[in-house]
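Heavy-atom basis, side chains included; hydrogens, waters and symmetry copies ignored.
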Amino acid sequence: MKHLKVTALLAAALMAVGSMTACGGVNSPDSGSTADKGNSSGDVTLSFLRAGTSEDAQIAYQAIIDEYTKANPNVKIEYQQIGFGTELDTKLNTLYASGAAPDLVRGPISTIAQRASMGQYAALDDYIAEWDEKDNVIQTAYDVANYKGKQYGIAINIEASMLFYRKDYFEEAGLDPNKPPQTWEELLDYAEKLTVREGDDVVRAGFAFPISSNHQTLIQFARQNGATLVDEEKDEATFNDEKTIEALEYFTQYADKNLIIPFVNQKDQNPFELGNAAMQYLTLNTYVTIKASGVDWADQMMFSPGPGREKISTFGGCQIMFMSEQSKNKDAAWDFMKHLFTDDVVWKLVEETGATAVKTGLEDKFNEAYPDIGPAYLETLQYTEGMPKVEWASLFETAMKTAFEEAMYGKKDAKTALDDAYNQLNSERGI
């Protein structure tokens, strides 16, 4: 196996596009205000903690809050944002332990099992049952936030990954851009035909994927191969099975064949954005970023849910609205949560933050706004799966990253890398 060397790549900055659409007042029929409930004086202070540090999202959410509180002067919302991962976990642990839990949390799917099991997130089933907009929310937004039969939240954004590819590069390689790869074998074959080298150095990857700090790639391809990765009912890891080993072995072929431009996930590196990749799994936000950058090849982008094996599966990062069980103003918190899911507010988040249109009534509007990517993106949502809902999700993520890196850098074969990661995870769980 060839030794991989990480190269530094520059990527475009996150976009900030769109303008604020008019949001209806919260006392309109579409929102049904209950903000004065839960406090005998009618004055309510809600705390709202949002995971994420995007400036675009910060500005958008603050504007939404300002409009809501202007329409509901008895409500004050104390809003703050924080980074994902350790920062969020530490903050939530501190707040819940001190009795100062936020009324509302916008957090990732990885928090559900831990927080729900500890009684920190409130089940929303009764509220949703009475909500007149409940049937206008896409099913995936509920599915990703359901845990052990209870609805602990609703996804306000689903960052579904889909296969981006370049029409001009396909045509240059003699491939039909209207026929993207449908199988693993086709994906590898296309990648070989689309790769461009200068000597031994890959200067344009046929199929680019991050090597370091990457768990999504292996997760989605293992699922495509029929792997479960985690048995949530038994609370057990299962990712050292043959299905996952086959998926990891599949990717080592890209290293063996010298088809890779190594880059680090979640860094300012993205070969596709730089024009150095013909195919790559990316999200809607990347599409908007590329369009806003004004590059002359933006109209060459084409899109597909990607290949499958036993099934098609793509990885999705989900940002979910939760309510704290400890909230003293649950009715008021639910009222603001409902406001976040009104069509006007959802569309504002689509325009200004690159969020997903999680309302079924907005699908036509979404396709009109994004005619080239919209239909493929909405189709991809059907195949999107997020992180397993287990209390040890962070350990699972680390295990998948470690196994992937060790195999891709040739330190261990796929089976050994997964076995070692599996054993390390169980050791840290005390199993």
Side-chain angles (χ1 to χ4, degrees), residues 108-110 112-113 138-147 155 158-164 180-188 207 209-211 213-254 265 279-283 303-318 356 376-390 392-405 407-408 414-415 417-419 421-422 425:
I109 189 174
S110 58
I112 294 178
I138 64 174
Q139 188 58 44
T140 305
Y142 290 120
D143 292 343
V144 296
N146 190 286
Y147 177 66
I158 304 169
E159 298 169 331
S161 63
M162 61 189 303
L163 189 67
F164 284 47
Q182 300 296 306
T183 67
W184 287 9
E185 291 74 20
E186 284 186 349
L187 182 63
L188 181 58
F207 172 46
F209 52 90
I211 303 301
S213 300
N214 176 29
H215 58 287
Q216 297 99 319
T217 300
L218 180 55
I219 288 174
Q220 69 180 359
F221 273 74
R223 285 170 170 163
Q224 288 173 17
N225 201 34
T228 58
L229 301 173
V230 167
D231 186 326
E232 294 181 9
E233 291 298 318
K234 294 181 179 180
D235 199 38
E236 295 176 352
T238 60
F239 60 79
N240 64 335
D241 64 331
E242 287 301 320
K243 297 288 188 180
T244 310
I245 293 170
E246 287 177 3
L248 187 48
E249 288 176 339
Y250 171 76
F251 277 101
T252 61
Q253 294 179 77
Y254 287 81
N265 198 31
M279 298 183 290
Q280 187 175 332
Y281 276 94
L282 297 165
T283 66
F303 315 95
S304 164
R309 199 168 178 89
E310 290 193 13
K311 66 176 184 177
I312 299 173
S313 179
T314 67
F315 187 87
C318 307
T356 302
Y377 190 79
L378 293 178
E379 180 188 354
T380 300
L381 288 176
Q382 303 174 42
Y383 308 118
T384 300
E385 302 176 79
M387 287 287 287
K389 298 169 191 172
V390 290
W392 37 275
S394 62
L395 296 178
F396 169 78
E397 179 179 323
T398 298
M400 298 302 282
K401 287 179 181 178
T402 300
F404 192 70
E405 287 185 22
M408 294 307 299
K415 184 179 187 307
L418 286 166
D419 281 342
Y422 172 85
L425 182 148

What pair of heavy atoms forms the shortest contact from [X] to [Y], and how long is it?
{"X": "Ala247", "Y": "Leu218", "answer": "CB-CD1, 4.1 Å"}
{"X": "Ala393", "Y": "Pro388", "answer": "CB-O, 4.0 Å"}
{"X": "Asn225", "Y": "Trp184", "answer": "CB-CH2, 3.6 Å"}
{"X": "Gly316", "Y": "Thr384", "answer": "CA-CG2, 3.4 Å"}
{"X": "Ile211", "Y": "Glu405", "answer": "O-CG, 3.3 Å"}
{"X": "Thr314", "Y": "Pro305", "answer": "CG2-O, 3.3 Å"}

Output the distance between atom [atom1] ([X]) and atom [atom2] ([Y]), rounded to the nearest 0.5 Å.
{"X": "Asp235", "Y": "Trp392", "atom1": "CG", "atom2": "CH2", "value": "6.0 Å"}
{"X": "Gln216", "Y": "Glu159", "atom1": "CD", "atom2": "CD", "value": "10.0 Å"}
{"X": "Ile219", "Y": "Gln224", "atom1": "CD1", "atom2": "CD", "value": "12.5 Å"}
{"X": "Ile312", "Y": "Gln220", "atom1": "CD1", "atom2": "CD", "value": "11.5 Å"}
{"X": "Gln280", "Y": "Ser161", "atom1": "CD", "atom2": "OG", "value": "10.5 Å"}
{"X": "Lys401", "Y": "Asn214", "atom1": "NZ", "atom2": "CG", "value": "8.5 Å"}

Q: For a side chain to side chain contact (heavy atoms under 4.5 Å, CB included) with Phe209, tell me which candidate from Tyr254, Phe221, Tyr281 qualifies.
A: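 It is Tyr254; the other options fail the test.
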Does [X] use its side chain to pair, donor to acceptor, with the backbone of [Y] at less than 3.5 Å?
{"X": "Gln182", "Y": "Pro180", "result": "yes"}
{"X": "Tyr377", "Y": "Ala160", "result": "yes"}
{"X": "Glu232", "Y": "Val390", "result": "no"}
{"X": "Thr244", "Y": "Asn240", "result": "no"}

Q: Verify side chain to side chain contact (heavy atoms under 4.5 Å, CB included) between Ile109 and Lys389, making sure each step is shown before the conclusion.
A: CA-CA 7 Å; Ile109 189 174; Lys389 298 169 191 172; 3.9 Å; yes
Q: Please report the C-alpha distance between Leu248 and Phe239 in whole Å, then the side-chain angles of each, then the deciding distance to 0.1 Å, and finally whether the side chain to side chain contact (heavy atoms under 4.5 Å, CB included) criterion is met.
A: CA-CA 11 Å; Leu248 187 48; Phe239 60 79; over 6 Å; no
(Q) With heavy-atom distances below 4.5 Å as the criterion, would you say the side chains of Ile158 and Ile138 are in contact? (A)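 A side-chain contact exists here, since the closest heavy-atom pair is under 4.5 Å.
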**Q.** With sequence neighbours excluded, residues passing salt bridge (charged side-chain N to carboxylate O under 4.0 Å, His left out) with Glu310
**A.**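 Salt bridge (charged side-chain N to carboxylate O under 4.0 Å, His left out) check on Glu310 returns Lys243.
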Q. Are the aromatic ring centres of Phe315 and His215 under 6.0 angstrom apart?
A.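 Yes; His215 has its ring centre under 6.0 Å from that of Phe315.
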Q: Could you give me the CA-CA distance, side-chain angles and deciding distance for Glu397 and Ser110, then say whether side chain to side chain contact (heavy atoms under 4.5 Å, CB included) is met?
A: CA-CA 10 Å; Glu397 179 179 323; Ser110 58; 5.8 Å; no
Q: Could you list the residues that satisfy ring pair (Phe, Tyr, Trp, His ring centres under 6.0 Å) with Tyr147, not counting sequence neighbours?
A: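 None.
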Q: Begin from the C-alpha positions of Met408 and Thr252 and carry the test side chain to side chain contact (heavy atoms under 4.5 Å, CB included) through to its verdict.
A: CA-CA 6 Å; Met408 294 307 299; Thr252 61; 4.3 Å; yes
Q. Going by atom types only, do Thr228 and Thr238 share a side-chain donor-acceptor pair under 3.5 Å?
A.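 There is such a pair (donor and acceptor under 3.5 Å, judged by atom type) between the side chains of Thr228 and Thr238.
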